[in-house]
Participant: 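A single structure is presented below for examination.
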Amino acid sequence: MTRERFEQLVAEAIALIPPQLHDAMHNVAVVVKDEPAPAMLADLGIEPPGTLYGVYEGTPLTEREWGQAPVLPDRITIFQQPIVTDATDAAADEDERGIVRAVGETVIHEFGHHFGLSEAEIEAIEAEYWQDGPEGDVEAEGG
């Protein structure tokens, strides 16, 4: 999958984030990189073959103070290769629906960290998103 197509899927996933989260997203940069650096994985205690689909870097909204000076945007990095590899492994070939789902879950998950949500809250949003969200649209488009 080309970087351009993958970035398009990331943009589509961001556009499909539930409105209650999407309307509150401000001052967050979303970037795509090939894969997490070995040092990042080591810092997070992730040993091979483990990897990351994405990472949030910043201060969650729930930990900010009202008088805090303006800061550079928080950053969410989405890692293309682990997502494409895992979707490919799961489907025995590059399955765009699997990639779309992994990108969507990753985007929601990392924005959940930005909002200071717990893992349980993030998982509930992901479940709602995929129950009522884009998976049906993707299948309709993809066949």
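Every heavy atom of this structure was used, including side-chain atoms; hydrogens, water molecules and symmetry mates were not.
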Participant: Name all residues meeting the ring pair (Phe, Tyr, Trp, His ring centres under 6.0 Å) criterion together with Phe115; count only those two or more places apart in sequence or in a different chain, and write none if there are none.
Facilitator: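 Checked Phe115 against ring pair (Phe, Tyr, Trp, His ring centres under 6.0 Å); zero matches.
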Participant: For Val31, which fellow cluster members are found when Ile, Leu, Val, Met, Phe, Trp and Tyr are connected by side-chain heavy-atom distances below 4.5 angstrom, either directly or through intermediates?
Facilitator: none
Participant: If I take atom CE from residue Met1 and atom CD from residue Gln81, how far apart are they, to the nearest 0.5 angstrom?
Facilitator: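 Atom-to-atom, Met1:CE and Gln81:CD are 10.5 Å apart.
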Participant: To check you understand the geometry: which heavy-atom pair defines the closest contact between Val10 and Val103, and what is its length?
Facilitator: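 So the two residues come closest at CA-CG1, 3.6 Å.
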Participant: Rounded to the nearest 0.5 Å, how far does CZ of Arg5 lie from CD1 of Ile99?
Facilitator: 9.0 Å
Participant: With a 4.5 Å cut-off on side-chain heavy-atom distances among I, L, V, M, F, W and Y, is there a chain of contacts connecting Ile14 to Phe6?
Facilitator: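 Both belong to a single hydrophobic cluster.
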Participant: What about Val32 and Val28, same hydrophobic cluster or not, with Ile/Leu/Val/Met/Phe/Trp/Tyr joined at side-chain heavy-atom distances under 4.5 Å?
Facilitator: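 Yes: a chain of side-chain contacts under 4.5 Å links Val32 to Val28.
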Participant: Quick check: closest heavy atoms across Glu119 and His113, and the distance to 0.1 Å?
Facilitator: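 Of all heavy-atom pairs spanning Glu119 and His113, the closest is OE2-CE1, 3.0 Å.
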Participant: Residues in side-chain hydrogen bond (donor to acceptor under 3.5 Å, both in side chains) with Glu121, at least two apart?
Facilitator: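 Result, side-chain hydrogen bond (donor to acceptor under 3.5 Å, both in side chains) vs Glu121: Ser118.
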Participant: Residues two or more places apart in sequence or in another chain: which of them pass side-chain hydrogen bond (donor to acceptor under 3.5 Å, both in side chains) with Glu123?
Facilitator: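 None.
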Participant: Over all heavy atoms of both residues, which pair between Pro82 and Leu52 is shortest? Give the atoms and the distance, please.
Facilitator: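 The answer is CG-O, 3.4 Å.
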Participant: At what distance, to the nearest 0.5 angstrom, does CD1 of Ile78 lie from CG of Leu9?
Facilitator: 11.5 Å
Participant: To the nearest 0.5 angstrom, please state how far the CD atom of Gln80 sits from the CD atom of Glu35.
Facilitator: 10.5 Å
Participant: Could you work out, with side-chain hydrogen bond (donor to acceptor under 3.5 Å, both in side chains) as the rule, every residue matching Arg75, not counting sequence neighbours?
Facilitator: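 Residues passing side-chain hydrogen bond (donor to acceptor under 3.5 Å, both in side chains) with Arg75: Glu57.
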Participant: Tell me whether Ile83 is reachable from Tyr56 by hopping between hydrophobic residues (I, L, V, M, F, W, Y) whose side-chain heavy atoms are closer than 4.5 Å.
Facilitator: yes
Participant: Taking all non-hydrogen atoms of both residues into account, name the closest pair between Phe79 and Pro36 and its distance.
Facilitator: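 Taking Phe79 first and Pro36 second, the nearest heavy atoms are CD2-N, 3.4 Å.
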Participant: Between Asp74 and Gly58, what is the shortest heavy-atom contact and its length?
Facilitator: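 Minimum heavy-atom separation between Asp74 and Gly58: OD1-CA, 3.5 Å.
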Participant: Looking only at heavy atoms, what is the nearest atom pair of His109 and Ile122, with distance?
Facilitator: ND1-CG2, 3.3 Å
Participant: Could you tell me the separation between the CG atom of Leu44 and the OG1 atom of Thr51, rounded to the nearest 0.5 Å?
Facilitator: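 The OG1 atom of Thr51 is 10.5 Å from CG of Leu44, to the nearest 0.5 Å.
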Participant: Applying the 4.5 Å side-chain criterion to the ILVMFWY set and letting contacts propagate, would Leu41 and Val84 be lumped into a single cluster?
Facilitator: no
